[in-house]
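The structure appears right after this line, and notes come after that.
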2 protein chains.
Amino acid sequence: MDSKPNIQDVARLADVSIATVSRVINNQGGVRKQTEERILKAIEELGYIRNAAARTMKSRETKTIGVIVPDIKNPFFPLVMAGIEQKAREKDYFTILSSTNESPIVEEKIIKNFIERGVDGVIITTANENGGHLKLLKEQNIPVVAVDRIIKSFDVDTVLVDNVKGAYQAVQHLILQGHRNIAIICGPQNTTPGFERYIGYKKALEDYNIPLDESLVVQGDFGEQSGYLATKRLRDLRQRPTAIFSSNNLMTIGCMKALEELNWKLGEEVSFIGFDDVDIATFLNPKLTVVARPMNTVGEIAFMFLYERIQFKGALPKRQYSLPPELIVRQSCRLWEK
Amino acid sequence: MDSKPNIQDVARLADVSIATVSRVINNQGGVRKQTEERILKAIEELGYIRNAAARTMKSRETKTIGVIVPDIKNPFFPLVMAGIEQKAREKDYFTILSSTNESPIVEEKIIKNFIERGVDGVIITTANENGGHLKLLKEQNIPVVAVDRIIKSFDVDTVLVDNVKGAYQAVQHLILQGHRNIAIICGPQNTTPGFERYIGYKKALEDYNIPLDESLVVQGDFGEQSGYLATKRLRDLRQRPTAIFSSNNLMTIGCMKALEELNWKLGEEVSFIGFDDVDIATFLNPKLTVVARPMNTVGEIAFMFLYERIQFKGALPKRQYSLPPELIVRQSCRLWEK
DNA sequence: CCCCTAATTGAAAACGTTTAGATTTTTGTC
DNA sequence: GACAAAAATCTAAACGTTTTCAATTAGGGG
């Protein structure tokens with residue numbers, strides 16, 4: 001009653017050996033029905049729960065995967081996490097989540113702890129794309145899947161959202177509505193998302209034979225303030241854009257603030273598309289058209305990649321999956337006729 | 001090289017017994033400096049990482065706490081989680097997070113799994129306040145802290161935000177600005193938050209000798225649509241309110257939509273305070289005054305409660321902590337002079 | 001009723017730690 | 001340099017499983 005019952009206690013009560021109990025617990029078959037029932041009853045009676053630590057020690061499996069994110073407070077990650085968890089649950093895996101606060105040092109500590117705990121695999125959005133601090137994982141030969149950010153120094157499966165395509169779709173949508181003067185508020189060009197979204201923008205213009213107007217390319221830093229300033233700058237141009245594409249959520253918010261302040265009518269005087277859906281999108285009037293990322297799917301695929309790696313220990317080739325973002329058309333873009 | 005080095009390998013290389021290695025690993029002292037250095041070198045050389053499973057088996061401690069939330073996609077919980085994680089990290093604890101999707105059945109499975117894994121304690125926002133499905137935790141004598149939702153059928157430490165006080169502060173703020181006709185959009189009265197926030201509203205009116213006007217009390221269901229409808233209803237009153245208090249975030253959003261539609265000028269014709277901060281709050285014009293809950297602190301306190309329970313196995317009395325919500329004054333309320 | 005095969009069951013050895021309790025080494029004192 | 005006390009180290013026994021291989025039992029054909 002006081003201390004937890006173990007497999008011994010069950011065996012004793014059911015009058016069998018622990019081996020047989022183990023077989024029943026793990027559904028391995030080869031136990032007479034009558035015996036099995038007796039054991040099941042004993043388990044029930046004692047309230048026996050198997051001990052994962054002991055089991056892990058033998059089987060070298062924990063059925064646990066570690067998930068590392070840079071910032072749990074960023075809504076992107078809980079949504080990805082939900083996808084991971086859903087698939088993991090299906091396969092009887094459990095997840096351990098830790099957040100690094102964008103610190104590679106914390107990240108390394110977490111990894112060490114994960115290894116101590118014997119995670120079967122790791123899904124990570126690293127705080128440092130160079131990945132030198134991830135060498136422990138490589139050494140231990142633990143399957144890893146990178147999400148949203150690549151890891152340069154070592155080959156792992158990667159799940160990304162296709163930034164180029166997303167930006168392309170957005171700009172294409174504007175072009176097809178007749179816009180020619182389309183501005184972009186860029187993210188930092190030394191980050192993958194910032195750079196790639198700009199590439200998508202350029203590509204769309206090229207494909208439709210619209211010359212790139214440098215004055216419509218405004219640099220931002222993914223922060224709200226920069227979106228605000230960029231928008232003001234655009235307003236001041238001789239040749240104002242008729243449409244704006246913002247490279248991320250926070251800059252979208254800054255942009256909206258500027259628009260209102262300048263009384264630059266959204267959806268009428270200027271069309272708008274933002275990368276990443278934002279909470280305010282459906283609240284604004286008109287509602288914002290955005291390129292949304294399928295967070296849940298990202299998580300699902302990340303888990304499935306990891307799962308496959310865990311199953312086939314063999315060296316699969318490195319894979320990369322680029323998910324297409326989705327253009328959600330609301331009301332912030334209108335046809336533009338000269 | 002192929003399989004993980006264990007304490008044996010370290011001992012062999014350092015030419016000591018495993019007991020001594022163990023002592024060094026755990027900083028227990030009583031090892032000559034010279035020996036310690038030799039062992040440390042061996043550990044380094046082999047890349048030895050200790051095995052949590054084996055260690056758990058002996059010490060019956062995992063330094064792990066389980067966190068159960070009903071919906072990881074609801075931003076409230078990641079924020080609480082961040083607080084938990086922060087404190088946990090300080091104390092060298094790790095967290096396992098699982099989301100139940102509001103299903104008591106999933107919740108029970110998670111609990112069983114947590115127990116198998118030997119978590120030292122559990123922090124939970126249960127999917128079912130009755131708590132009958134939590135009996136395993138009680139049986140196993142595992143410390144539990146309830147967050148945001150109470151557990152009726154069994155006595156555990158509880159961390160709540162003081163709903164009564166929060167609502168009281170909001171309404172008081174309105175009263176002190178001269179408002180007398182203050183409406184409330186209620187949440188469901190059979191839920192703790194819904195009921196308590198209404199109580200706070202009533203109490204404030206009483207304390208300032210303002211008679212309760214039933215027509216200003218509108219029932220909602222915490223959903224956006226109900227906030228929208230409630231607002232329309234209020235507008236139709238002969239005696240319109242000069243201020244509105246909304247009981248939660250989603251209803252606040254509905255309310256805002258209605259206000260705009262009705263062209264009922266926020267902050268001028270009608271003052272407003274909402275329970276719970278919302279992303280759009282600072283985006284609207286005027287910015288919304290709200291009662292905000294200190295999510296991070298909730299998490300921190302929850303962990304500290306749990307930690308104390310884990311330390312003193314003894315039976316502490318059941319504790320309950322009500323955190324004061326914070327009134328964040330922005331611009332949606334104005335002085336009202338008759 | 002006996003024997004052979006197949007189906008069950010059991011005994012015992014890991015897995016990698018921690019930790020008493022025993023043993024050895026060091027240190028200090030005379 | 002001998003002796004006791006203190007410090008350092010070691011031996012060995014758990015912890016609760018899984019799993020191999022051996023032993024036992026059941027089932028069936030003759």
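No experiment lies behind these values; they were computed from the predicted model shown. Chain letters run A, B, ... following the sequence lines, proteins first and then strands; every chain starts at 1. The analysis underlying the following values was restricted to heavy atoms, covering all of them including side chains, and did not include hydrogens, waters or symmetry mates.
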Would you list the protein and nucleotides 17-22 of chain C atom pairs, both N or O, that sit under 3.5 Å from each other?
unit_1  : atom_1 : unit_2 : atom_2 : d
dT17(C) : OP1    : Y48(B) : OH     : 2.7
dT17(C) : OP2    : I7(B)  : N      : 2.6
dT17(C) : O5'    : Y48(B) : OH     : 3.2
dT18(C) : OP1    : N26(B) : OD1    : 3.4
dT18(C) : OP1    : N26(B) : ND2    : 3.1
dT18(C) : OP1    : R55(B) : NH2    : 3.0
dT18(C) : OP2    : S22(B) : OG     : 2.5
dT18(C) : OP2    : N26(B) : ND2    : 3.4
dT18(C) : O2     : K58(B) : NZ     : 3.4
dT19(C) : OP2    : Q28(B) : NE2    : 3.4

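Applying the salt bridge (Lys or Arg N to Asp or Glu O under 4.0 Å) rule to D9(A) yields the partners R12(A); only residues at least two apart in sequence or on another chain are considered. R60(A) meets the salt bridge (Lys or Arg N to Asp or Glu O under 4.0 Å) test with no other residue; sequence neighbours excluded.
Residues D157(A) and R309(A) are paired through a salt bridge, judged by an N-O separation under 4.0 Å between the basic side chain and the carboxylate. Note on R149(A) versus E102(A): salt bridge recorded, some NZ/NE/NH1/NH2 to OD/OE distance being below 4.0 Å.
Residue T35(A) places at least one side-chain N or O closer than 4.0 Å to OP1 or OP2 of dT9(C).
Checking T125(B) against D148(B) by side-chain atom types alone, no donor-acceptor pair falls below 3.5 Å.
Whole-Å rounding puts the R12(A) CZ to dA11(C) C1' distance at 16 Å. Distance R60(A) CZ to dA14(C) P: 14 Å, rounded to the nearest Å. Look at CZ on R32(B): it is 6 Å from P on dT27(C), rounded to the nearest Å.
Judged by distance alone, with hydrogens and angles left aside, the side-chain atoms of N26(A) form no donor-acceptor pair with the main-chain N or O of Q28(A) at under 3.5 Å.
Across the interface with DNA chain C, nearest-nucleotide mapping of M57(B) and G30(A) shows G30(A) to be the residue nearer the 5′ end.
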Report, one line per pair, each donor and acceptor closer than 3.5 Å where one atom sits in a side chain of residues 31-50 of chain B; sequence neighbours left out.
unit_1 : atom_1 : unit_2  : atom_2 : d
R38(B) : NH1    : A14(B)  : O      : 2.5
R50(B) : NH1    : E116(A) : OE2    : 2.4

Can you give the donor-acceptor pairs under 3.5 Å from side chains of residues 296-308 of chain B to other protein atoms, not counting sequence neighbours?
unit_1  : atom_1 : unit_2  : atom_2 : d
N296(B) : OD1    : G83(B)  : N      : 3.4
N296(B) : ND2    : E300(B) : OE2    : 2.9
E300(B) : OE2    : Q86(B)  : NE2    : 3.4
E308(B) : OE1    : R319(B) : NH1    : 2.5

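A 4.0 Å heavy-atom criterion places the boundary nucleotides of DNA chain D facing chain A at dG16(D) to dA26(D), written 5' to 3'.
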